[in-house]
Amino acid sequence: MSLLSDLINLDLSESTQKIIAEYVWIGGSGMDLRSKARTLAGPVNDPAKLPKWNYDGSSTGQAPGEDSEVILYPQVIFKDPFRRGNNILVMCDAYTPAGEPIPTNKRYNAAKIFSNPEVVAEEPWYGIEQEYTLLQKEVKWPIGWPLGGYPGPQGPYYCGAGADKAFGRDIVDSHYKACLYAGINMSGINGEVMPGQWEFQVGPAVGISAGDELWMARYILERITEIAGVVLSFDPKPIPGDWNGAGAHTNYSTKSMRNDGGFDIIKKAIEKLKLKHKEHIAAYGEGNERRLTGKHETANINTFLWGVANRGASVRVGRDTEKAGKGYFEDRRPASNMDPYVVTSMIAETTILWKP
């Protein structure tokens with residue numbers, strides 16, 4: 001008698017050329033990830049050769065019941081770390097039957113910005129530091145925390161090791177390897193300041209691919225925590241009080257910034273970000289005011305500050321960039337629940353296209 005695990009791990013290539021494609025999209029809240037699978041006749045490597053598909057938008061908060069059909073356009077293919085073999089994960093965006101992007105499709109406008117010739121010429125690179133919190137399923141309290149109580153104060157948990165400091169490492173390492181298998185440019189992971197909180201980094205990624213890869217990395221993490229029976233939270237301040245929040249620091253550079261004399265370009269770009277601070281904050285994630293208080297390695301949400309090696313700034317420039325006179329900067333304002341399509345394209349639009 002086969003075990004369930006044996007059947008889950010069946011290698012389809014032993015009996016058929018057919019593959020399974022899991023279509024992934026963003027739901028109506030802007031943070032809920034949805035997916036469904038379909039069978040294809042054989043391996044596919046080009047998203048343009050994948051069929052469009054539809055779903056019931058009235059069940060995801062994206063269409064009315066009387067006209068509920070929403071169309072999925074395949075955009076990027078990743079290898080499937082769950083089914084493996086030739087099976088794939090497909091990052092999609094969503095359109096009306098008439099071909100118009102639905103309001104929650106933030107990828108469409110981002111792709112327009114990233115295809116602008118001025119932006120293409122600058123080859124914008126991104127590295128996104130995605131923080132998140134793992135919660136106990138039944139009580140929605142961080143894993144490793146005593147029920148109804150609190151662990152010892154922050155200090156020993158950041159990049160910590162040991163059963164009393166690091167909670168959920170099996171999930172974190174599984175996610176790390178699964179993303180690398182899928183073809184996501186995952187550059188690292190670490191335990192965060194608050195116990196039960198972790199971070200993964202995606203990048204360097206160019207243009208629209210930063211958003212595609214971060215969204216698929218989030219989907220894979222949702223699937224792994226589902227298997228582990230743990231709840232994944234992207235709340236920017238999951239625990240009130242003297243505990244660090246969760247952000248999505250976004251590291252950014254253009255070709256001009258990476259070339260000699262780039263530090264002057266960086267300073268001009270930061271000045272533009274200062275002038276558009278309110279617009280960026282409005283687009284950088286829900287509930288961010290609970291996180292950007294001026295404490296716990298943040299700048300106050302109403303203030304724009306930048307500095308070298310200053311983790312209490314809105315924008316931080318690294319010592320290496322200052323020394324080399326070229327490099328990148330880090331926008332520390334985005335919340336953990338930000339939409340990377342919105343944030344990455346907005347940074348490019350403000351620093352490259354906007355002429356104050």
Next item on the list: For the pair V206 and F114, evaluate side chain to side chain contact (heavy atoms under 4.5 Å, CB included) and give the outcome as yes or no after the intermediate values.
Entry: CA-CA 9 Å; V206 181; F114 284 122; over 6 Å; no
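- Residues forming a salt bridge (Lys or Arg N to Asp or Glu O under 4.0 Å) with R316 (at least two apart in sequence, or on another chain): E330.
- Among all heavy-atom pairs drawn from G312 and N310, the shortest one is N-OD1, 2.8 Å.
- If you check the side chains of E22 and S35, you find a donor sitting under 3.5 Å from an acceptor.
- The aromatic rings of Y150 and W243 lie parallel to each other, with less than 30° between the two planes, well short of the 60° mark.
- Judged purely by distance below 3.5 Å, without hydrogens or angles, the side chains of D339 and W215 pair a donor atom with an acceptor atom.
- Residues that satisfy the side chain to side chain contact (heavy atoms under 4.5 Å, CB included) test with V120, not counting sequence neighbours, are absent from this structure.
- Between the side chains of E129 and N251, at least one donor N or O sits under 3.5 Å from an acceptor N or O.
- In this structure, the separation between CG on N185 and CG on L214 is 12.0 Å, given to the nearest 0.5 Å.
- E123 has a carboxylate O that lies under 4.0 Å from a charged side-chain N of K255, or vice versa, which qualifies the two as a salt bridge.
- Judged as a salt bridge (Lys or Arg N to Asp or Glu O under 4.0 Å), and not counting sequence neighbours, the contacts of R107 are D212.
- The nearest pair of heavy atoms linking P151 to P146 is N-CD, 4.0 Å.
- The environment of CD in Q17 is sparse: at most 12 heavy-atom neighbours from other residues, nucleotides or ligands sit within 6.0 Å.
- H277 contributes a side-chain N or O that, together with a main-chain N or O of I301, makes up a donor-acceptor pair within less than 3.5 Å.
- Side-chain contact annotation: N288 with E286, donor-acceptor N/O pair under 3.5 Å absent.
- A distance of 12.0 Å separates CD in E222 from CD1 in I227, rounded to the nearest 0.5 Å.
- Of the inter-residue distances, the one linking E100 atom CD with I71 atom CD1 reads 13.0 Å to the nearest 0.5 angstrom.
- Ion pairing between R83 and D80 holds under the 4.0 Å rule for side-chain N and carboxylate O.
- With hydrogens and angles ignored, the 3.5 Å screen pairs no side-chain donor or acceptor of N105 with any backbone N or O of P101.
- By the side-chain hydrogen bond (donor to acceptor under 3.5 Å, both in side chains) test, N337 is found to be paired with no residue, residues two or more places apart in sequence or in another chain being considered.
- At most 12 non-hydrogen atoms from other residues, nucleotides or ligands lie less than 6.0 angstrom from CH2 of W125.
- Counting only N and O atoms by type, the side chains of N244 and R291 include no donor and acceptor under 3.5 Å apart.
- At least one donor-acceptor pair under 3.5 Å links the side chain of Q130 to the backbone N or O of S336.
- With hydrogens and angles left out, the side-chain atoms of Q62 and Y55 include a donor and acceptor closer than 3.5 Å.
- Not a single donor-acceptor pair under 3.5 Å links the side chain of K326 to the backbone N or O of K323.
- For the side chain to side chain contact (heavy atoms under 4.5 Å, CB included) test, residues two or more places apart in sequence or in another chain that qualify with R34 are W25, D32, T60.
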Next item on the list: Evaluate side chain to side chain contact (heavy atoms under 4.5 Å, CB included) for M194 paired with T133, printing each intermediate quantity in order.
Entry: CA-CA 9 Å; M194 189 183 85; T133 309; 3.8 Å; yes
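- Residue T344 forms a side chain to side chain contact (heavy atoms under 4.5 Å, CB included) with just one option from I113, I208, I128, and that option is I128.
- Side chain of D6 to main chain of L3: a donor-acceptor pair is present (N/O by atom type, distance under 3.5 Å, no hydrogens or angles).
- Between S253 atom OG and R258 atom CZ the span is 4.0 Å, to the nearest 0.5 Å.
- The side chain to side chain contact (heavy atoms under 4.5 Å, CB included) check on V44 picks up L40, K49, L50, I77, with sequence neighbours excluded.
- Under a 4.0 Å N-O distance rule, the pair R290/D235 qualifies as a salt bridge.
- Every side chain to side chain contact (heavy atoms under 4.5 Å, CB included) that V317 has, sequence neighbours left out, goes to F263, I266, I270, W306, V308, T321, F329.
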Next item on the list: Kindly determine whether N259 and S256 satisfy side chain to side chain donor-acceptor pair (under 3.5 Å), including the steps that lead there.
Entry: CA-CA 5 Å; N259 289 340; S256 299; 5.7 Å; no
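- Judged purely by atom type and a 3.5 angstrom limit, K295 has no side-chain atom pairing as donor or acceptor with the backbone of A299.
- By the side-chain hydrogen bond (donor to acceptor under 3.5 Å, both in side chains) test, D331 is found to be paired with Y284, R333, residues two or more places apart in sequence or in another chain being considered.
- Minimum heavy-atom separation, G211 to P340: CA-CB, 3.8 Å.
- Of all non-hydrogen atoms in G144 and Q136, the two that sit nearest each other are N-NE2, 4.4 Å.
- To the nearest 0.5 Å, atoms CD (E138) and CG (L147) are separated by 10.5 Å.
- Applying the salt bridge (Lys or Arg N to Asp or Glu O under 4.0 Å) criterion to K268, with sequence neighbours excluded, gives no partner residue.
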Sequence neighbours excluded and cut-off under 3.5 Å, please list the side-chain donor-acceptor pairs for residues 345-356, or say none.
residue	atom	partner	partner atom	Å
S345	OG	Y341	O	2.6
S345	OG	V342	O	3.2
T350	OG1	H280	NE2	2.8
T350	OG1	M346	O	3.1
T351	OG1	Y252	OH	2.6
T351	OG1	I347	O	2.7
K355	NZ	E118	OE1	3.3
K355	NZ	I352	O	3.2
K355	NZ	L353	O	3.2

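- With hydrogens and angles ignored, the 3.5 Å screen pairs a side-chain donor or acceptor of E131 with a backbone N or O of G247.
- For the pairing with Y73, the side chain to side chain contact (heavy atoms under 4.5 Å, CB included) check across Y23, Y95, W53 returns one residue only, Y95.
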Would you tabulate the side-chain donor-acceptor contacts of residues 161-182 under 3.5 Å, counting partners in other chains and residues two or more places apart, or write 'none'?
residue	atom	partner	partner atom	Å
R169	NH2	G160	O	2.9
S174	OG	D170	O	2.7
H175	NE2	A217	O	2.8

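- A ring-ring contact (aromatic ring centres under 6.0 Å, His included) check over residues 75-94, counting only residues at least two apart or in different chains, returns nothing.
- S209 OG to M91 CE: the interatomic distance, rounded to the nearest 0.5 Å, is 13.0 Å.
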Item checked: Derivation and outcome, side chain to side chain contact (heavy atoms under 4.5 Å, CB included), residues I26 and L33 -> CA-CA 5 Å; I26 301 157; L33 283 155; 4.1 Å; yes
Note to self: side chain to side chain contact (heavy atoms under 4.5 Å, CB included) for W198 and L134? Distances and angles first, verdict last.
What the structure shows: CA-CA 8 Å; W198 294 82; L134 299 174; 4.1 Å; yes
